[in-house]
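By convention in this document, chain letters (A, B, ...) are assigned in the order of the sequence lines, proteins followed by strands, and residues within each chain are numbered from 1.
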Amino acid sequence: MQNYWLIKSEPTVYSWEQFLAEQRTFWNGVRNFQARNNLRSMKTGDLVFFYHSVKNPAVVGIAQVVREAYQDPTSEDTNWVVVDLIPHKTLTKVVTLQQIKTEPILQNMALLRQSRLSVMPVSAEEFGKLLEMGGL
DNA sequence: GCCAACGTTGGC
DNA sequence: GCCAACGTTGGC
């Protein structure tokens, strides 16, 4: 059963464009237990919205999980894990935070309710709505 | 650059 | 175990 997620990245640190150029990445740097638990729950084939935070905040693309959680190679601390991701689709139109805030179906998203969480689940309904808003 | 939200740390 | 202090994230 496929699940949906959303991950945040500051585009000045790691952008969707860099991800497209690399074609595959391990998602490191998560240092929050709730976000870590979400990473651990990701399954191969799950789809993950890629959100640019801070500068022009918006959902810009969709990634796919190709390897489930394993020890973060950039940390000795066994608390931290990464998943491997590949680009799935670039949104035809980015969906801005402003648009998300004004869409009734998306009001319960953790993105709005828990602004500092960097890895969060997305419901099937929210996923569908975001796809539509993204022009896919 | 400012500030609110919130997670973490450390004193007691 | 409580809570104040502090650091970080992220919107504006």
Side-chain angles (χ1 to χ4, degrees):
Chain A
M1 148 115 198
Q2 187 176 47
N3 290 301
Y4 306 105
W5 308 91
L6 183 147
I7 57 176
K8 293 180 181 176
S9 184
E10 291 192 40
T12 53
V13 177
Y14 190 77
S15 69
W16 178 251
E17 290 71 25
Q18 277 173 269
F19 182 41
L20 284 181
E22 289 181 11
Q23 285 297 303
R24 180 173 178 134
T25 192
F26 56 86
W27 201 255
N28 68 311
V30 170
R31 295 293 182 268
N32 165 285
F33 289 103
Q34 199 182 347
R36 188 281 313 271
N37 291 343
N38 289 331
L39 278 184
R40 278 190 179 161
S41 300
M42 289 185 185
K43 299 295 177 197
T44 301
D46 283 359
L47 295 177
V48 185
F49 281 119
F50 194 111
Y51 174 84
H52 278 166
S53 64
V54 181
K55 189 188 165 207
N56 303 324
V59 176
V60 293
I62 306 169
Q64 187 160 36
V65 178
V66 289
R67 183 177 171 189
E68 293 173 14
Y70 59 99
Q71 171 68 33
D72 184 341
T74 65
S75 172
E76 303 280 296
D77 189 334
T78 54
N79 278 319
W80 309 125
V81 300
V82 299
V83 295
D84 284 2
L85 300 174
I86 58 170
H88 178 63
K89 281 182 181 170
T90 301
L91 296 189
T92 308
K93 303 174 283 188
V94 303
V95 180
T96 65
L97 181 61
Q98 273 313 311
Q99 289 174 273
I100 291 169
K101 282 183 173 173
T102 56
E103 172 51 56
I105 289 172
L106 303 178
Q107 289 315 295
N108 287 327
M109 286 189 74
L111 186 68
L112 303 183
R113 297 161 65 93
Q114 238 184 307
S115 67
R116 296 185 54 197
L117 186 62
S118 62
V119 180
M120 65 194 78
V122 173
S123 74
E125 189 186 23
E126 291 160 353
F127 185 83
K129 188 65 196 176
L130 277 165
L131 275 190
E132 179 194 323
M133 293 167 78
L136 296 180

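Applying the salt bridge (Lys or Arg N to Asp or Glu O under 4.0 Å) test to residues at least two apart or on different chains, the pairs with a partner in residues 90-114 of chain A are Glu103(A)-Lys129(A).
Aromatic pair Phe50(A)/Phe19(A): ring centres closer than 6.0 Å.
One axis for each end of the helix from dG1(B)-dC12(C) to dC12(B)-dG1(C), each built from five base pairs, and the angle between them comes to 10° at 10° resolution.
Under a 4.5 Å side-chain heavy-atom criterion applied to ILVMFWY residues, the cluster that includes Ile86(A) comprises Val66(A) as well.
Heavy-atom neighbours of Gln23(A) CD from other residues, nucleotides or ligands within 6.0 Å: above the threshold of 12.
Residues meeting the side-chain hydrogen bond (donor to acceptor under 3.5 Å, both in side chains) test with Glu10(A), sequence neighbours left out: none.
Between the CD1 atom of Ile100(A) and the CD atom of Glu126(A) there is a distance of 10.0 Å, given to the nearest 0.5 Å.
Side-chain N/O atoms of Trp5(A) and Asn38(A) include no donor and acceptor closer than 3.5 Å.
Ring planes of Trp80(A) and Phe33(A): tilted class, angle from 30 to 60°. Using cut-offs of 30° and 60° on the angle between ring planes, the pair Tyr14(A) and Trp27(A) is perpendicular.
Under a 4.0 Å N-O distance rule, the pair Asp72(A)/Arg36(A) does not qualify as a salt bridge.
Sorted by residue number, the members of residues 107-117 of chain A with any non-hydrogen atom under 4.0 Å from DNA chain C read Ser115(A), Arg116(A).
When DNA chain C is scanned 5' to 3' for any atom under 4.0 Å from a heavy atom of chain A, the first and last hits are dG7(C) to dC12(C).
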